[in-house]
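First up is the structure itself, then whatever we jot down about it.
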There are 2 protein chains.
Amino acid sequence: MRSTPRAEAFPAHTPAAAQIFTTVLSHGPLTRSDMAARAGLSAAAVTKAVRPLIEAGYLMEDADDEARPSLGRPANPVRVDGGRALFIGVKVTADEIIAVLTDLCCRIRVARHVPLESREPKAVLASIAALAQELLTEADGFGVPVQGLGVAVSGDVDRAAGAVRFSPFLEWRDLPLGELVEMTTGLPVTVDNDVRALTVAEQWFGAGVGLSDFAVVTVGAGIGCGLVVHGKVVSGAHGVAGEIGHVVIDPTGPPCHCGNRGCAEAIAADPAIVTAVRTATGLPVADAAQALDLARQGDPGAREVYARAGDAIGRAIATVANLLGPERVIISGEGLAAYDLFAEQIRDAFASSAFGTAAQCDLLTRPLPFDEWARGAAATAIQSFISGPTRGGKE
Amino acid sequence: MRSTPRAEAFPAHTPAAAQIFTTVLSHGPLTRSDMAARAGLSAAAVTKAVRPLIEAGYLMEDADDEARPSLGRPANPVRVDGGRALFIGVKVTADEIIAVLTDLCCRIRVARHVPLESREPKAVLASIAALAQELLTEADGFGVPVQGLGVAVSGDVDRAAGAVRFSPFLEWRDLPLGELVEMTTGLPVTVDNDVRALTVAEQWFGAGVGLSDFAVVTVGAGIGCGLVVHGKVVSGAHGVAGEIGHVVIDPTGPPCHCGNRGCAEAIAADPAIVTAVRTATGLPVADAAQALDLARQGDPGAREVYARAGDAIGRAIATVANLLGPERVIISGEGLAAYDLFAEQIRDAFASSAFGTAAQCDLLTRPLPFDEWARGAAATAIQSFISGPTRGGKE
DNA sequence: CTTCTTTCATTGACGGCGGAAAAGAACAGC
DNA sequence: GCTGTTCTTTTCCGCCGTCAATGAAAGAAG
C-alpha cells in the first residue's frame, strides 16, 4: 500500500551500543573518544559499537571541519542522521488530537491536529488512525520509513502493557490502546502518560540532557510533574507518579475536584484561575486568555490571583525539590503564557520554601508550544525503537 | 594489637556475584535455582558465583532439612553465614553516641552508648574511637574480624567522599569524618546520612526487602524521610533528599526554625508537640514523655495536639506517595511511641490526601528501638564491604 | 529391588563483549 | 621529511554468562 518500507530493527546488538547511540543523540556530534569518556567505555569498544550503526545509516561521520584544536590527528565527530528514520507522536487531549511527524532527532517535520468530537475509544481510535495515515503519506515524501508511533494520554497509563488504565478526561478504563493502534496503523506503538512523555523528550532532547535527577512541571489545564531519578523516569509502583497537582498548598484554599481543599491545581491551574478571576473581579471571564488579558491590563484582582497562583506553583516545586533534590526543575505548559505575571512569586515562594541545598536547584522555564506534547509522544517511540521491541526506557 | 585479622576483601569478582550475595542476604535461605530466577541469571552462573563465596565462608549450605516439596532431587538451600564477619555501626546524635556490633546479617550482637559532652569534632572523634575500640575488644571474643564501620550523622553528608558537609545539630561543616575515623580505628569507614542509613537497613534487612520503590518516614526530634526509587536510595543531585520535615502542611501553622510556618516538623516533631501541649494545657510540660503521659491520661488539649500531629504526618506521607508512587511507606522513629494517639489521623489524612492509585500504597509502622539508627550505620558498612572498596550502594 | 521420573546442581564448551596494548592515520610544526 | 601529538583502528586476550549435556538425589511405579 505504502511505498516506504515497514519498521525494521535497530542494530543495537549490545546495551553498550544503545547507550552510545543515545549519548550521541543527546549530546550532539561527538568524537569517538568523547563517547568513550562519557559512556565509561574504552575507545576500542566505541569503534566496534559505532561501526554497525554507521553502516546501517543511523550514525554518520560529521563532515563539518570546524573547530580544530590544531594539534594531532583531527577528530572525527559522529552525529545521528536524523533523516534516517521518522516517527509519529500523537497527543490526545480532551478536545483535540495533535500529531507530529518527527525525525530520529525528534525534530518536528510536520504537525497536524484535529478536533475531537467524541471521547468514545472507537471514535478516538479512528481519528488517530486517520491522522497517522495522513502523516504516513507525508512521510512517503521523505522516502524514509516511519519506525514507530507514540501516543501520549493523560492519566494512569501502563507503558509496558501499552494500556490506558484510567483516564479521567477521556473517561477511559483499561483500554489496550497500544494494541488497537498497532492494529490500525501497523506500526510499533508506545503508549505513555503525557507528562512522562514530555519528560522523556526533555531528558533526551531538551533541558534535561545529561542530568540524572530533574523534574518537569507543567502548568496549564492541570498541573503535572514528570520526575527523573537516577537517570530514569519515575513511574511509581502502581504506574502513577508526579501527582504534584494534588499537593495541598493551603488547607483553607478553594475546593478541588479531588475532594480536598487548596491543592496546587485548585489554585494555579487554568480553570481555577478563571474561576478566581471571575470571583475577584465580578466580570464574566470565560477562559484563561481573558483572565490573562485582564491581569495584563492591570486589574488588581486578577493580578492578585496570578500572584497567588505563582506562589502555589513555587511552593509545589519546592516540595519536589525538598523531597528529591533534583538538579533542575523545568517549568513548562500552556500556563506559561502568563509567566511574566507570576515568575517573581514562583521564585520567591520556591526560595523561601526550599530547604538547605535544595534551593541550589536550578529553575528553568521553557515555553511549550502545544506540539511539544505530541513531540514527547514521538520521543517515547524513539526510545522504544532504540531499546528494541521490549518496551521500556533507559539512559 | 588485636588478635582478630584485619579487614579483608569480599570475593565478589563480578557484579553478578555481588548481586547474588545480596539476594541471599535479603531473602533468607535460597536454593540455587531460586537465586537464578530472582537474579535473572542462569543456574550455571549461580553455581559459579556461589562457589567462591562458600569457600570463603560467607555463604553456607543450609543443613536445614525441612519442607521438602517431595518430588525430585531435594533442594540445597544456601544462606549467609552471619557469623563470618562483624561490623560496627555508630550513630551520632546531638547528645549521645550509640554504637552497635552486628554480624554480616546485620543482627545486633552488642550495643553501647555514651553521652556526648562536647560537639567539637575532636571530642566526638575520641568518643567514637573509644566506643569502636570497646566493640573491637568484644569482637575478639567472637574470633571473627570486624570488616567495616559505618557512621550515621544527621544533615548533609557526602557518602562518596566520606565527608559531613553540614550538620546543624552538631554544628559541623565540611568535616572529612570518614578519613578521620579510618585513621583512628584502622577500619574501612562509610559515612552516611542517618535517615538514608536507616533506609538502607530497611532495604536490605527490613520491610523494604524486595521493593524497588518505597519510603521510610521517621518521626521524632525531627521528621525525616528516606527514599528508594528504582531500587536505589535517593541522595539528590546535591546530596540532600527526603526533606519531608519542611513540607508545608499549613501556611498558617506554627513557625518553624527554617523560617516558614506550618512545616510538618513544626507541627509533628517532638519539640513542636511539647510546645503545643504546653500551650494547650498551660502545664509545664518538659519533654515528649510528659506530653505523651498527659495525652494518655485523656487530657483533651494534649490529645488534640497529637491528632493534629497525626494529620500533618499523614498529609506529608500522602505528598510523598503522590509524587513518587511508592509501593510502601514505612513509618518509624522514636515518636512512634505515641502511635496509638495519632494512628487514626495518619491513616485518615493519608487516605484523603493521597490521589488515585497513590492511595494503594501500603502504610506500615515499625517500632524503632534506638539502636536501630546505629544498625542502619552498620548496614551501610555492610553495603560498602560487599560492593568493594569503591563506596556506594546497589541492588 | 530395580527402573523411571522429576527436580536440582554441576560441568565443560562456546560465544560475545569489552579492555589493553600496539599499530596506524592524519595533521602541525620544525 | 622527521617528529610529536592526538585520534582511531586492529589484534589479541580474558572473562563472564549461557547452552546443552551430564550427574546426583530423592520418591514413585512396577
Side-chain angles (χ1 to χ4, degrees), chain A residues 9-24 27-55 59-79 387-388 390 394, chain B residues 9-24 27-55 59-79 387-388 390 394:
Chain A
F10 185 72
H13 321 296
T14 138
Q19 194 208 355
I20 284 179
F21 185 79
T22 61
T23 306
V24 179
H27 297 85
L30 282 180
T31 70
R32 290 171 171 78
S33 20
D34 278 348
M35 295 181 220
R38 280 183 193 270
L41 294 172
S42 70
V46 172
T47 294
K48 279 182 276 196
V50 164
R51 185 170 14 239
L53 290 171
I54 288 188
E55 275 165 9
L59 291 180
M60 59 195 297
E61 309 229 290
D62 198 350
D64 197 11
D65 279 11
E66 317 303 327
R68 347 214 84 177
S70 86
L71 193 55
R73 170 177 174 175
N76 218 346
V78 171
R79 65 168 52 184
S387 37
T390 57
K394 59 154 49 92
Chain B
F10 184 73
H13 323 295
T14 134
Q19 195 208 356
I20 284 179
F21 186 79
T22 62
T23 306
V24 179
H27 297 83
L30 281 181
T31 71
R32 289 171 171 77
S33 19
D34 278 348
M35 295 181 222
R38 281 184 194 269
L41 294 173
S42 70
V46 172
T47 294
K48 278 181 272 198
V50 164
R51 193 182 352 254
L53 290 170
I54 288 188
E55 274 165 10
L59 292 179
M60 59 195 296
E61 308 230 288
D62 198 349
D64 197 13
D65 279 10
E66 317 303 328
R68 354 212 80 178
S70 86
L71 194 55
R73 172 179 173 173
N76 219 348
V78 171
R79 65 166 55 181
S387 38
T390 56
K394 58 152 52 89

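Order of the sequence lines sets the chain letters (A, B, ...), proteins ahead of strands, with each chain counted from 1. All values below come from the heavy atoms of this structure, side chains included, with hydrogens, waters and symmetry mates left out.
- To the nearest angstrom, P of D:dG17 lies 14 Å from CZ of B:Arg51.
- Between atom CG of residue A:Leu41 and atom OG1 of residue A:Thr23 there is a gap of 8.5 Å, rounded to the nearest 0.5 Å.
- Here the rule is salt bridge (Lys or Arg N to Asp or Glu O under 4.0 Å) with A:Glu61, and of A:Arg32, A:Arg51, A:Arg79 only A:Arg32 fits it.
- As judged by a 4.0 angstrom heavy-atom cut-off over every strand, B:Ala49 is placed among residues making no nucleic acid contact.
- For B:His13 and D:dG17, the NE2 to P distance is 11 Å, given to the nearest whole Å.
- Out of C:dA20, C:dT10, D:dT8, the shortest distance to the side chain of B:Ala43 is found at C:dT10.
- Evaluation of the side chain to side chain donor-acceptor pair (under 3.5 Å) rule for B:Ser33 yields B:Thr31 as partners, not counting sequence neighbours.
- Here B:Ala45 lies in heavy-atom contact (under 4.0 Å) with a base.
- Residues A:Ala17 and A:Ala12 share a closest heavy-atom pair of CB-CA, 4.2 Å.
- Within the 4.0 angstrom heavy-atom criterion, base atoms lie near A:Thr47.
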Atom pairs under 3.5 Å, N or O on each side, protein against nucleotides 2-5 of chain D: can you list them with distances?
none

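- Atom CG in A:Leu41 sits about 15 Å away from atom P in D:dT8, given to the nearest Å.
- If A:Ala16 and B:Thr31 are placed on DNA chain C by their nearest nucleotide, the residue sitting closer to the 5' end is B:Thr31.
- Contact record, B:Val24 with B:Val78: CG1-O, 3.6 Å, taken as the closest heavy-atom pair.
- Straight-line distance from the CZ atom of A:Arg32 to the P atom of C:dG19: 16 Å, rounded to whole Å.
- Atom CD of A:Gln19 and atom C1' of C:dG18 are 13 Å apart (whole Å).
- Between B:Ser42 and D:dC19 there is no side-chain N or O to OP1 or OP2 distance below 4.0 Å.
- The distance from atom CD of B:Glu61 to atom P of D:dA24 is 15 Å, rounded to the nearest whole Å.
- In this structure, A:Asp34 atom CG and D:dT8 atom P are separated by 8 Å, rounded to whole Å.
- By the 4.5 Å heavy-atom criterion applied to side chains, B:Thr14 and B:Gln19 are not counted as neighbours.
- Counting heavy atoms from C-beta on, the side chains of B:Leu53 and B:Phe10 come closer than 4.5 Å.
- Using a 4.0 Å heavy-atom criterion, one finds that A:Thr14 contacts the sugar-phosphate atoms exclusively.
- Below the 3.5 angstrom threshold, one finds a donor paired with an acceptor across the side chain of B:Lys48 and the base of D:dT18.
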